[in-house]
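Down below is the structure, laid out as structure tokens.
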Amino acid sequence: MNQQAPGGPPAPRRVRLKPWLVAQVNSCQYPGLQWVNGERKSFYIPWRHATRHGPSQDGDNTIFKAWAKETGKYTEGVDEADPAKWKANLRCALNKSRDFCLIYDGPRDMPPQPFKIYEVCSNGPAPTESQPTDDYILGVGEEEEEEDEELQRMLPGLSITEPLQSGPPMASYSLPKEDVKWPPALQPPVGLGTPAPDPSLMVPPSGNPVGFGQLLSEVLEPGPLATSLPPTEQLLPDLLISPHMLPLTDLEIKFQYRGRPPCVLTISNPQGCRLFYSQLEATQEQVELFGPVSLEQVRFPSPEDIPSDKQRFYTNQLLDVLDRGLILQLQGQDLYAIRLCQCKVFWSGPCASAHGACPNPIQREVKTKLFSLEQFLNELILFQKGQTNVPPPFEIFFCFGEEWPDHKPREKKLITVQVVPVAARLLLEMFSGELSWSADSIRLQISNPDLKDHMVEQFKELHHIWQSQQRLQPVAQAPSVTGLGAGQGPWPMHPVGMQ
């Protein structure tokens with residue numbers, strides 16, 4: 001066993017995996033690590049996942065910890081124990097070695113004692129520049145292998161509901177035999193095809209207890225900083241003077257696959273949209289399966305440009321159960337979600353009941369309120385009046401097939417979608433811009449005036465006096481100069497010698 005220098009970090013070194021691992025199998029000191037038969041060509045290696053099978057009954061006596069100590073990655077009493085990383089390191093070494101071949105990767109039904117079977121290769125192919133040697137160099141490719149290990153563990157933990165009814169496997173593109181009771185609020189209008197947007201739907205309903213116009217008028221009242229602004233700066237944009245011009249039906253949708261550039265689009269449909277991934281198209285005869293045809297049909301981007309094979313595989317596992325999709329329904333000035341798909345969906349947003357770190361799922365075929373414009377305006381009023389320092393939230397975040405919120409950052413999720421009500425963002429940006437015009441928040445950068453600057457100021461003052469005198473004279477006596485309007489006169493600037 002190689003010893004580390006006390007008090008210092010373990011130095012990278014080469015460790016020959018084959019003789020070390022064969023010796024550990026022969027030692028029989030690690031439970032479950034044993035030869036398959038007397039020929040000693042293949043061996044079992046226990047491969048428990050703590051998240052799926054619970055803590056190991058064998059404590060710390062694992063081959064993974066032994067390999068971490070052998071390679072200097074872990075020092076007892078100095079480094080913090082990290083069994084998942086130990087396992088990733090050994091798997092990294094086994095995958096890179098030409099002396100071992102994985103011949104069995106364990107059953108998929110999560111047995112109580114999962115394992116893998118590796119074969120010891122007697123004659124490996126000659127190494128090339130693209131192939132690693134059979135020595136394991138500490139630190140080479142560890143981050144990539146840990147990422148692969150995380151993806152390897154991900155599939156059994158993906159949140160996919162079981163089918164409502166079990167039955168024989170369906171043919172390609174056949175319709176499921178589920179007895180779905182469609183929510184009454186989503187019954188489609190009579191008639192075929194997608195109806196043209198009704199202009200009246202752009203205007204908020206008049207039956208709300210607190211009218212949309214009343215809320216806007218309160219929002220438009222001068223705030224604490226507005227009194228310091230000149231009268232011309234207090235003029236409101238035309239968009240606020242005419243609330244019906246607000247893009248109330250516009251939703252910005254941002255698709256994000258783990259580590260890939262986002263795909264952003266904006267839809268404008270008074271009914272809402274359906275997010276799905278399937279070759280099947282919604283029809284009037286299949287409303288119970290896919291929702292009303294009047295919804296904007298928005299398909300998830302293709303995962304084919306994902307470079308990682310494992311990530312693309314697991315992403316496809318989730319997309320394959322998104323045929324029926326997730327409906328985003330606009331009703332009045334509120335936004336709702338109805339999950340039809342087999343893939344579980346978790347979310348966070350302004351109307352989420354759980355604002356902490358607890359996962360927040362959307363129940364299947366249950367109408368869930370995501371965003372309320374009335375609530376947003378009420379909170380915007382408080383923010384504009386200075387009664388709260390926090391602007392109202394309006395972004396909605398969905399995570400497909402994995403729990404959210406949890407300890408993992410958004411960037412580590414396989415499939416995420418962010419939805420932004422455009423009208424809410426416009427309103428907040430307008431008032432954030434007006435409230436930012438305070439004397440303390442702007443530091444103008446102007447040089448001290450020199451002699452030439454003083455002379456220009458004198459010319460400007462003389463020009464202002466001359467314009468005032470011209471406005472006091474009768475129009476008939478005003479000099480007529482071609483190309484100049486009333487109240488404007490020529491002010492020739494002659495070259496002046498300046499030192």
Side-chain angles (χ1 to χ4, degrees), residues 1-2 10 12-37 39-53 56 58 60-74 81-108 111 113-156 308-311 313-314:
M1 214 40 98
N2 297 324
R13 61 181 184 275
R14 290 181 177 272
V15 179
R16 290 189 59 83
L17 176 62
K18 182 177 180 178
W20 180 87
L21 186 53
V22 170
Q24 306 311 310
V25 179
N26 288 331
S27 69
C28 300
Q29 61 177 320
Y30 301 104
L33 182 67
Q34 59 189 24
W35 296 107
V36 174
N37 49 43
E39 297 180 0
R40 298 194 174 188
K41 292 184 178 180
S42 303
F43 60 90
Y44 298 100
I45 180 169
W47 212 274
R48 295 180 61 89
H49 295 287
T51 57
R52 290 157 50 192
H53 306 102
S56 173
D58 303 318
D60 294 334
N61 187 27
T62 65
I63 188 64
F64 308 110
K65 179 180 179 180
W67 175 245
K69 295 173 67 174
E70 179 69 17
T71 55
K73 187 63 177 177
Y74 174 72
D82 192 347
K85 192 171 184 178
W86 300 340
K87 188 182 304 178
N89 291 340
L90 182 55
R91 179 173 172 271
C92 169
L94 287 168
N95 288 346
K96 290 183 177 182
S97 175
R98 295 178 295 110
D99 293 321
F100 297 96
C101 178
L102 178 64
I103 61 176
Y104 183 71
D105 198 11
R108 297 185 178 181
Q113 298 294 334
F115 61 90
K116 297 177 185 285
I117 298 179
Y118 281 90
E119 180 182 8
V120 181
C121 304
S122 56
N123 295 318
T128 63
E129 294 182 359
S130 61
Q131 290 178 329
T133 64
D134 51 2
D135 289 349
Y136 176 74
I137 304 176
L138 180 66
V140 177
E142 275 188 3
E143 292 185 1
E144 291 80 1
E145 289 300 328
E146 289 176 20
E147 188 87 356
D148 287 345
E149 174 70 13
E150 183 180 2
L151 290 171
Q152 187 77 14
R153 299 194 306 265
M154 189 173 289
L155 181 58
S308 169
D309 293 337
K310 287 189 174 67
Q311 180 182 344
F313 170 79
Y314 295 127

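- The side chain to side chain contact (heavy atoms under 4.5 Å, CB included) with Leu33 is formed by just one residue from the set Ile45, Thr62, Asn26; it is Ile45.
- One finds the NZ atom of Lys73 at 9.0 Å from the CG atom of Asp82 (value rounded to the nearest 0.5 Å).
- Residue Arg16 holds its CZ atom at 9.0 Å from OG of Ser97, rounded to the nearest 0.5 Å.
- Between the Thr71 side chain and the Trp67 main chain, a donor and an acceptor come within less than 3.5 Å of each other.
- The shortest heavy-atom contact between Cys101 and Cys121 is CB-SG, 3.7 Å.
- Rounding to the nearest 0.5 angstrom, the gap separating the CG atom in Leu94 from the NZ atom in Lys96 is 12.0 Å.
- Under the rule for a ring-ring contact (aromatic ring centres under 6.0 Å, His included), the partners of Tyr44 that lie at least two apart in sequence or sit in another chain are Phe115.
- Using a 4.5 Å heavy-atom threshold, the side chains of Leu21 and Val120 count as separate.
- Asn61 and Gln29 get closest at one heavy-atom pair: ND2-O, 3.1 Å.
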Report the C-alpha separation of Leu90 and Leu17 in whole Å, then their side-chain angles, then the decisive distance to 0.1 Å, and conclude whether the side chain to side chain contact (heavy atoms under 4.5 Å, CB included) test is met.
CA-CA 9 Å; Leu90 182 55; Leu17 176 62; 4.3 Å; yes
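- Smallest separation of non-hydrogen atoms from Ala68 and Trp86: CB-CD1, 3.4 Å.
- The two residues Tyr30 and Ala66 make their nearest non-hydrogen contact at OH-CB, 3.1 Å.
- Between Tyr74 and Phe64 there is no side-chain heavy-atom pair separated by less than 4.5 Å.
- In this pair, Tyr118 and Trp47 present their aromatic rings tilted. The plane angle is within the 30 to 60° band.
- A 4.5 Å side-chain heavy-atom check between Val36 and Glu119 finds every atom pair outside the cut-off.
- Under the 4.5 Å side-chain criterion, counting only non-hydrogen atoms from C-beta, Ser42 is in contact with Ile103.
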